[in-house]
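Hydrogens, waters and symmetry mates are skipped; everything else that's a heavy atom, side chains included, is used.
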Number of protein chains: 2
Amino acid sequence: MADDTKGYVLDNQVGYLLRRATQRHIGIFGQALPELTPTQFAALAKICELGAVSQNALGRATAMDAATIKGVVDRLRDKGLIASTQDANDKRRLLLAASDEGRALYESLTATALRISAETLEPLSEDERIAFVEMLARLG
Amino acid sequence: MADDTKGYVLDNQVGYLLRRATQRHIGIFGQALPELTPTQFAALAKICELGAVSQNALGRATAMDAATIKGVVDRLRDKGLIASTQDANDKRRLLLAASDEGRALYESLTATALRISAETLEPLSEDERIAFVEMLARLG
DNA sequence: CCGCGTTTGTTGGTGTACAAACGGATTTTG
DNA sequence: CAAAATCCGTTTGTACACCAACAAACGCGG
């Protein structure tokens with residue numbers, strides 16, 4: 001029977017550990033970059049990366065469903081970081097683009113964002129960070 | 001300058017990857033165990049693990065703040081899986097305990113829960129799973 | 001060109017998640 | 001012992017996150 005195999009222990013389950021790690025990361029993010037939430041920053045980053053996109057396409061690019069991306073886009077627009085216009089060729093589509101302020105903010109914040117990633121991974125050694133991120137990407 | 005060092009790419013950031021991995025895990029959980037959410041199952045598991053606890057203590061044991069655990073406890077009680085009574089020694093406290101149904105459900109579901117964890121980690125090799133979970137625990 | 005399936009964005013509902021503020025109970029401390 | 005600090009649970013407000021249902025617009029096959 002050896003050790004404690006076979007028992008269910010919450011604290012060892014991936015799902016629980018993922019939740020805790022995410023909580024810690026969001027805490028670090030909020031400390032270092034209070035202007036935007038991680039989700040808002042992700043959406044802004046993707047808009048800057050992709051140029052003009054429709055709202056749903058942005059959602060797909062950032063792993064948010066249609067209902068979620070709507071709220072995020074609304075908040076970014078309220079802050080004046082992005083602008084939306086009707087697509088002339090397809091009247092259903094909202095074309096989104098970063099405003100000058102949005103792009104400037106994004107560019108001024110990428111260094112901070114990288115620092116946040118580093119701080120999140122800080123409990124791991126150099127080699128471990130690389131291996132961990134690579135494995136994590138496979139779980140997405 | 002070698003490769004692409006230095007640039008900020010959303011898809012390589014831990015926070016984003018954590019979010020995606022969590023999404024996938026929650027999807028797997030919902031498929032395999034639709035009766036409860038991952039959070040509700042975590043709370044029920046901890047109650048069964050710890051015996052009687054106060055509401056806030058349960059929150060701390062499951063990494064949920066007071067406002068969050070309240071909603072989770074309310075829903076578990078609505079389902080008849082846990083019961084709450086006033087603590088006689090400390091009139092502030094709500095003492096929580098699993099009902100017979102709650103305990104039975106928990107015990108009948110631990111095997112499924114373990115299978116969910118395994119399926120979440122399925123893209124990794126045996127050795128990788130162990131290393132990954134250990135590192136993930138350090139990030140919490 | 002017409003109908004039908006699909007896509008786009010919106011809304012409503014549920015469930016985490018956290019901050020801030022609160023009243024009441026308890027504990028600590030002067 | 002009385003005042004201060006703390007802890008308990010609750011409420012309110014904001015922000016994801018997803019499901020299901022919807023109307024308008026699009027596009028394709030017949």
Side-chain angles (χ1 to χ4, degrees), chain A residues 15-16 18-31 33-44 52-79 84-96 140, chain B residues 15-16 18-31 33-44 52-79 84-96 140:
Chain A
Y16 182 65
L18 279 171
R19 190 161 66 84
R20 310 234 315 148
T22 301
Q23 283 174 349
R24 173 164 162 277
H25 171 259
I26 292 177
I28 292 171
F29 195 105
Q31 287 286 318
L33 203 157
E35 302 93 318
L36 296 174
T37 65
T39 314
Q40 288 164 15
F41 186 78
L44 179 60
V53 243
S54 77
Q55 185 169 288
N56 279 3
L58 179 62
R60 286 189 292 271
T62 51
M64 303 179 208
D65 85 336
T68 302
I69 194 66
K70 187 203 187 309
V72 175
V73 162
D74 284 351
R75 279 166 225 121
L76 287 175
R77 193 176 29 221
D78 288 350
K79 295 183 201 230
S84 55
T85 48
Q86 286 284 341
D87 186 329
N89 298 65
D90 186 339
K91 288 178 202 160
R92 298 169 302 176
R93 284 205 179 110
L94 273 183
L95 273 189
L96 306 178
Chain B
Y16 182 64
L18 280 171
R19 189 160 68 82
R20 310 234 316 151
T22 300
Q23 284 174 350
R24 172 163 162 278
H25 172 258
I26 292 177
I28 292 170
F29 195 104
Q31 287 285 318
L33 202 158
E35 302 93 319
L36 296 174
T37 66
T39 315
Q40 288 164 14
F41 186 78
L44 179 60
V53 244
S54 77
Q55 184 169 288
N56 279 4
L58 179 62
R60 286 188 293 269
T62 51
M64 303 180 209
D65 84 336
T68 301
I69 194 65
K70 187 203 188 306
V72 175
V73 161
D74 284 351
R75 278 166 225 121
L76 288 175
R77 193 175 30 221
D78 288 350
K79 296 184 200 226
S84 56
T85 49
Q86 287 284 340
D87 186 330
N89 298 65
D90 186 338
K91 290 179 202 158
R92 297 170 302 177
R93 285 203 180 114
L94 271 186
L95 273 189
L96 306 179

Checklist line | DNA chain C-proximal residues of residues 54-61 of chain A, any heavy atom under 4.0 Å | finding: A:Ser54, A:Gln55, A:Asn56, A:Arg60

Next item on the list: Please report the shortest heavy-atom distance between B:Arg93 and B:Ser54, naming the atom on each side.
Entry: CD-CB, 3.6 Å

Margin query: Output the rounded distance in Å from CZ (A:Arg24) to P (C:dC18).
Written below: 14 Å

Next item on the list: May I ask you to say what A:Asp65 touches in the nucleic acid, namely base, sugar-phosphate or nothing, with a heavy-atom cut-off under 4.0 Å?
Entry: base

Notebook entry, point to check: Should B:Arg92 be listed as having a side-chain N or O under 4.0 Å from OP1 or OP2 of C:dG23?
Noted result: no

Item checked: Whole-Å distance separating the CD1 atom of A:Ile28 from the P atom of C:dA17 -> 17 Å

Notebook entry, point to check: How close or far is atom C1' of C:dT16 from atom NE2 of B:His25, stated in whole angstroms?
Noted result: 15 Å

Next item on the list: Indicate whether OP1 or OP2 belonging to C:dT16 is found under 4.0 Å from a side-chain N or O atom of A:Gln23.
Entry: no

Check: How close or far is atom C1' of C:dG15 from atom CZ of A:Arg19, stated in whole angstroms?
Finding: 12 Å

Check: Rounded to whole angstroms, how far apart are CD on A:Gln40 and C1' on C:dA17?
Finding: 15 Å

Checklist line | Criterion side chain to side chain contact (heavy atoms under 4.5 Å, CB included) on B:Leu58 and B:Val73, from CA distance to verdict | finding: CA-CA 9 Å; B:Leu58 179 62; B:Val73 161; 4.1 Å; yes

Check: Quick one: on DNA chain C, does B:Ala67 or A:Lys70 contact a more 5' nucleotide (nearest heavy atom)?
Finding: A:Lys70

Note to self: By the 4.0 Å heavy-atom rule, please label B:Arg75 as base, sugar-phosphate, or nothing.
What the structure shows: base

Checklist line | Terminal contacting nucleotides, 5' and 3', DNA chain D versus chain A (heavy atom, 4.0 Å) | finding: D:dA15 to D:dC26

Check: Rounding to a whole Å, what distance do you find between B:Asn89:CG and C:dT26:C1'?
Finding: 12 Å

Check: At under 4.0 Å between heavy atoms, what does B:Thr68 touch on the DNA or RNA strands: base, sugar-phosphate, or nothing?
Finding: base

Next item on the list: Can you run down the salt bridge (charged side-chain N to carboxylate O under 4.0 Å, His left out) pairs that involve residues 55-76 of chain A, sequence neighbours left out, and say none if there aren't any?
Entry: A:Lys70-A:Asp74, A:Asp74-A:Arg77

Note to self: When you measure from the side chain of A:Arg19 to the backbone of B:Ala63, do you find a donor-acceptor pair of N or O atoms at a distance under 3.5 Å?
What the structure shows: yes

Note to self: Does a side-chain N or O of B:Thr37 approach OP1 or OP2 of C:dT16 to a distance below 4.0 Å, or not?
What the structure shows: yes

Notebook entry, point to check: For the side chain of A:Lys79 and the backbone of A:Glu35, is there at least one donor-acceptor N/O pair under 3.5 Å apart?
Noted result: yes

Checklist line | Rounded distance (Å) that lies between atom P of C:dA17 and atom CD1 of B:Ile26 | finding: 7 Å

Next item on the list: Could you state the atom-to-atom distance from CG of B:Leu36 to P of C:dT14 in whole Å?
Entry: 18 Å

Item checked: Contact summary for B:Asn56 and B:Ala66, nearest pair of heavy atoms -> OD1-CB, 3.7 Å

